[in-house]
Protein chains: 2
Amino acid sequence: MEINTATDAFAALSQETRLAAFRLLVRAGPAGLPAGEIARSLGAAPSTLSTHLGLLQRAGLVSSERRSRRIVYRADFDGVGALIRFLMKDCCKGHPAVRAALDDAA
Amino acid sequence: MEINTATDAFAALSQETRLAAFRLLVRAGPAGLPAGEIARSLGAAPSTLSTHLGLLQRAGLVSSERRSRRIVYRADFDGVGALIRFLMKDCCKGHPAVRAALDDAA
DNA sequence: CCTTTAATTCGATAATTATCGAATTATGGA
DNA sequence: TCCATAATTCGATAATTATCGAATTAAAGG
């Protein structure tokens, strides 16, 4: 993973509303959620959420698909996996505290 | 991990110079690196790096210790572990692409 | 073809962040 | 004590980002 790809992904998750949107999508699973519903859930303007979702998408953390009038967003687990891999390998592979995180999740 | 702790950590890693500094520290291992050397390595002003290192430290990703005239910074692997754990458990536990990242690092 | 619904893009504004030079604090040695 | 080194904090400025309302694009149904 390029260093700039990584900073983009971290930036995408570094904002409260955006991280909240991302977590909603993770919890929603493969069905995803339409943009408007996310905006309503988080109490923000549709245009605001649209901006945030676009940024998450450019960072490779979510994908979108038009479903009739709705645009459904989904968490992109490959993207998240790549980011975790970056943190693991490139930053901290083999360190005890990081191993602990692995075992924890296993 | 609190949601705000997570956004702080992501924000800390979302800036090129700061991520570069963090990776230098990871590679330096337990010996760490003095602030000045990091600044020189990255070609930035000492005051700039000081700001960045302070932010990384408040985010729990690095620690510092005065060693005579130098202040030595070290990567805080517990902090990184906590962030990885957050991404794993709270966001994406059990998903194939995330499992792949695990197996990859194991 | 017009209306409604859903979302995005545009434009403006407020807030935050990155950067650096200058001033300050701390340490160690002549 | 005075000087040199190392880092931080302060203050200013430039750049980026978050937010939202208004205008625009797209789809479905009468």
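A, B, ... follow the sequence lines: proteins, then strands. Residue 1 opens every chain.
Using a 4.0 Å heavy-atom distance criterion, Arg67(B) is classed as making no nucleic acid contact.
Following rounding to the nearest Å, Arg18(A) (CZ) and dT17(D) (P) show an atom-to-atom distance of 9 Å. If you measure from atom CD of Glu65(A) to atom P of dA6(C), you get 18 Å, rounded to the nearest angstrom. The CD atom of Glu16(B) sits 14 Å away from the C1' atom of dT19(C) (whole-angstrom rounding). For the pair Leu55(A) CG and dA7(C) P, the computed distance is 19 Å after rounding to whole Å. In this structure, Leu42(B) places its CG atom 15 Å from P of dA18(C), rounding to the nearest Å. We find that CZ of Phe10(A) is positioned 16 Å from P of dT17(D), with the value rounded to whole Å. Atom CG of Leu56(A) is separated from atom P of dT17(D) by 14 Å (rounded to the nearest Å).
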Considering only distance and modelled atom types, tabulate donor-acceptor pairs under 3.5 Å from the side chains of residues 47-55 of chain B, sequence neighbours left out.
| residue | atom | partner | partner atom | Å |
| --- | --- | --- | --- | --- |
| Thr51(B) | OG1 | Ser47(B) | O | 3.0 |
| His52(B) | ND1 | Arg18(B) | NH1 | 3.3 |

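For dT17(D), the OP1/OP2 oxygens have no side-chain nitrogen or oxygen of His52(A) closer than 4.0 Å.
Between Leu24(B) and Leu42(B) there is a side-chain heavy-atom pair separated by less than 4.5 Å.
Contacts of Arg70(B) classified as salt bridge (Lys or Arg N to Asp or Glu O under 4.0 Å), with partners at least two apart in sequence or in another chain: none.
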Per-nucleotide protein contact along nucleotides 3-10 of chain D, 5' to 3', at a 4.0 Å heavy-atom cut-off (B base, S sugar-phosphate only, - neither), is -BBSSBB-
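Of the two residues contacting DNA chain D, namely Ser68(A) and Gln15(A), the nearest-nucleotide position lying further toward the 5' end is that of Gln15(A).
Annotation for Glu65(B): atom CD counts as buried by contact number, over 12 foreign heavy atoms lying within 6.0 Å.
The CD1 atom of Ile38(A) lies 4.0 Å from the CG atom of Leu25(A); values are rounded to the nearest 0.5 Å.
At distances below 3.5 Å, not a single donor-acceptor pair connects side-chain atoms of Arg74(A) with backbone N or O atoms of Gly32(A).
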